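Single-structure report; data block below.
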Amino acid sequence: MSESNVALDLLLRAVIQQHRSNMLDPIADKSHTSIFTEQELSEIVRALWLDRYSDNRSNFQKTVGALITDKVSKA
Amino acid sequence: MKLEKLILHNFMAYKGDHEIDFGVSSHSPLILFLGENGHGKSTIQNACKWCLYDQTTEMPNSDLINRKAYAEQPNDPGLSMSVTLSWADEGKSYELFRSWEPNGKDSTNSHPILRIDGGNAVPANSVQDYVQRFLAKEISHFFFFDGETQKEFDAMATSKNGSGSIRSEIEKTLSIPVISDAVNWFKVKQAEESDALVKANKQNENIKKAGLALENERKLRNTLQEELNDQLVKLSEASKRIEAVEAELATMQESQELSEAIAGLRGEKTALATLRKEKFQFITDALSHNVFWAPLAIKLSAIQNQVVSQIEVTQKAFDENKEIATTIDYLHRIESNGFCPVCKSDHSQDKSKFVDEIARLRARIQATTQSDLTELEDKAKLFEQFSFNSDLYVDLRNIQKEYDSLGSELAKVENKIRDLEIKRGHSPSQDVQIAVSSLKNLMDDKTLATRNIEDYKENLAAADKRISKLESAVGKEISPEKRIAHNAFSYLLEIFESSKEVYVADVREQVQKYSSETFLKIISDKKYTGLRINENFGVELVLPDGRTDPLRSTGQGKVSTISLVSGLIKTAMDEGFILMDTPFVSLDIGHRAAVCKWASESGLKVSLFMHSGEFVWDRDSHYFQGHVGKIYRIEKIDDDESRVTLETL
């Protein structure tokens with residue numbers, strides 16, 4: 001299954017645009033909105049997409065876990 | 001995903017090996033499978049499903065194996081049934097081989113083997129995961145489209161409210177539940193992190209308390225240390241003062257001893273002085289009475305001594321003369337008589353001897369007379385008349401000597417006294433009793449300080465233990481950075497939750513767009529401008545003015561179904577494929593032609609399975625406008641055998 005298809009692109013677009021909207025929102029909590037970059041969010045969406053038919057979605061969870069762990073360790 | 005090849009071996013009607021190559025050009029993407037009812041068209045899809053999912057038509061494997069092949073060698077351990085499906089995706093080739101051996105070790109289950117790029121087989125328990133990634137079973141409904149059994153689709157398509165089960169499958173195709181699952185997972189993780197934060201906050205609170213307690217303990221410790229230091233100073237001072245007092249006491253003892261010695265010496269000095277004074281008095285008295293002969297005392301004393309000595313000599317000489325005379329007399333008598341008058345011994349023969357002796361004795365007689373003696377005695381009497389007492393003079397001289405000696409001794413004693421006084425120095429300002437009392441007090445102070453020091457040391461050790469414990473508790477504080485995990489999950493939850501709605505709307509719109517495009521290509525009634533797919537994935541026909549019409553005919557429903565499926569596949573898959581079995585059920589010729597045309601231009605890899613009632617090549621091939629890449633003819637040899645043959649175009 002290709003990683004790039006219309007549905008995936010739509011999901012990516014929805015997430016990124018929501019993120020951008022949050023970034024521009026003056027009352028949004030910056031401690032939240034600044035955690036992930038667009039690239040990281042894309043990575044999460046793609047990992048979810050790749051795992052969409054798996055039973056436990058472990059790869060997606062590992063991807064998210066690794067990203068967050070990295071941020072915690074760098075903090 | 002691109003199907004490449006399908007190989008059947010003893011699968012259902014297909015005895016032996018039968019290969020189908022799905023490779024076609026993008027210009028001619030259509031594959032037609034032509035065969036009459038019951039010849040084995042549907043078996044192709046069933047084979048794909050059995051290979052992928054180990055499941056088809058709810059028939060056991062024993063009913064799937066080709067009956068003829070089984071009948072020929074029912075006990076052959078090598079007898080098997082298998083299907084191999086190959087596909088490509090993102091530059092990799094996949095080959096899934098599933099087999100079942102009726103006489104094998106495990107005749108209950110079939111056995112899948114998946115190889116990627118011709119490599120080693122992936123673990124058997126991960127085959128299903130791979131298959132799910134490419135062709136999930138839940139949505140296989142759409143890729144293996146069966147026109148004869150799409151009743152639910154029809155129901156959905158004709159119902160404004162959609163169909164619950166189909167809607168679920170559509171949503172799965174579009175991965176909408178996946179987003180919901182992700183949202184739920186973020187919620188769970190957020191809750192976990194919240195719990196962790198609550199615990200951490202509580203821990204931090206405890207740590208803060210511990211921090212305050214630590215601060216207080218440290219202050220207490222400092223105070224204890226200061227007080228200990230004070231006590232140490234006191235101890236040191238007490239020790240020094242004790243040392244000083246003890247030294248003082250020692251000095252006082254020494255001083256006392258010196259004082260006693262000095263007193264003794266002073267006593268001695270007094271005695272010497274008194275005695276010297278007596279001597280001086282004696283001398284003074286003696287000199288005052290006998291002053292006149294004092295200057296001649298030495299000479300007079302010498303003369304007196306001489307006189308006395310002469311008297312002694314003269315007296316002795318006189319006495320000796322008398323004795324000699326007596327002896328001479330005796331010897332004369334012997335000489336005269338010729339015998340000893342005493343012992344009457346005869347000496348008549350040795351008279352000469354006596355004569356010689358008498359001469360000798362006479363020679364010894366000294367010229368001393370009584371008058372000499374008397375003269376000397378008179379001289380001696382003169383000294384008495386002058387009261388000259390040489391003894392007294394000797395005494396006086398001795399006394400003078402004694403006086404002088406006493407003077408020397410006195411001087412020595414005075415020197416000793418002076419030395420001792422210098423050595424003794426100043427007298428202590430306090431006497432021994434006061435010093436001893438002071439010493440006792442100091443010893444008490446020292447004991448108290450020592451005890452206090454021990455107490456303080458104990459308290460310090462206890463404080464150190466408490467501090468150490470608190471320091472380790474304080475050290476475990478959760479730093480604010482740990483909140484990042486909570487915030488991260490919170491944000492992902494927020495963003496996916498809000499994105500889901502947007503996505504669902506967008507993807508439905510996209511499906512609607514693709515479906516409408518397909519619908520408009522197929523539907524013959526041109527009064528409609530497209531399809532509207534509502535939130536429940538129910539389908540309506542859109543009129544030019546924007547109003548909608550429900551589906552009113554079976555044909556509209558079928559076209560809508562095909563359009564929806566097409567829209568879904570185009571939206572959800574890249575390089576999607578669809579195997580449509582009996583796609584033209586309920587469709588008239590016009591719509592069939594439209595479907596054929598659409599299939600040619602859809603961009604999907606469409607394989608159509610049709611019987612002669614649906615399609616006749618000579619009559620209907622032009623509908624495909626030359627976009628047919630392959631035609632497979634499926635023919636029944638007998639009840640237990642079919643074959644599939646690639647026809648030359």
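Just so we're clear, the structure is a prediction, and the values are computed from it rather than from any experiment. In what follows, chains carry the letters A, B, and so on, assigned in the order in which the sequence lines appear, proteins first and then strands, with residues in each chain numbered from 1.
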4.5 Å side-chain heavy-atom contact, B/Trp185 and A/Gln61
yes
Could you tell me the separation between the CG atom of B/Leu174 and the CZ atom of A/Arg52, rounded to the nearest 0.5 Å?
10.0 Å
Is it the side chain or the backbone of B/Phe186 that comes within 4.5 Å of chain A heavy atoms, both, or neither?
side chain
If you define the side chain from C-beta out and look only at heavy atoms, does anything of A/Trp49 sit under 4.5 Å from B/Val178?
no
I need the minimum non-hydrogen distance between B/Ala572 and A/Asn5, along with the two atoms involved.
O-ND2, 2.9 Å
Worked verdict on B/Ile495 versus A/Phe36 for side chain to side chain contact (heavy atoms under 4.5 Å, CB included):
CA-CA 11 Å; B/Ile495 204 170; A/Phe36 294 104; over 6 Å; no
Part of A/Leu41 lying under 4.5 Å from any heavy atom of chain B:
side chain
Quick check: closest heavy atoms across A/Ile44 and B/Leu492, and the distance to 0.1 Å?
CD1-CD2, 3.7 Å
Under a 4.5 Å cut-off applied to non-hydrogen side-chain atoms, are A/Leu48 and B/Phe496 in contact?
yes
A/Asn56 CG to B/Asp129 CG distance, which is reported to the nearest 0.5 Å
7.0 Å
Counting N and O atoms only, with roles assigned by atom type, does the side chain of B/Asn487 sit under 3.5 Å from a partner on the main chain of A/His32, one being a donor and the other an acceptor?
no
Find out whether B/Val502 and A/Arg13 are in side-chain contact, i.e. whether some heavy atom of one side chain is under 4.5 Å from a heavy atom of the other.
no
Find out whether A/Ile68 and B/Lys189 are in side-chain contact, i.e. whether some heavy atom of one side chain is under 4.5 Å from a heavy atom of the other.
no
Take A/Val15 and B/Tyr503, measure what side chain to side chain contact (heavy atoms under 4.5 Å, CB included) needs, and give me the verdict at the end.
CA-CA 8 Å; A/Val15 169; B/Tyr503 169 74; over 6 Å; no
So for B/Tyr130, is it side chain, backbone, both, or neither that comes closer than 4.5 Å to the heavy atoms of chain A?
neither
Could you tell me which portion of A/Ser21 (side chain, backbone, both or neither) has an atom closer than 4.5 angstrom to a non-hydrogen atom of chain B?
neither
Measure across B/Ser499 and A/Ala14 and return the closest heavy-atom pair with its distance rounded to 0.1 Å.
OG-O, 3.5 Å
Chain A shares the most heavy-atom pairs under 4.5 Å, among B/Gln510, B/Lys92, B/Lys500, B/Lys2, with B/Gln510
In Å and rounded to the nearest 0.5 Å, what is the OG1 to CD distance from A/Thr33 to B/Glu494?
9.0 Å
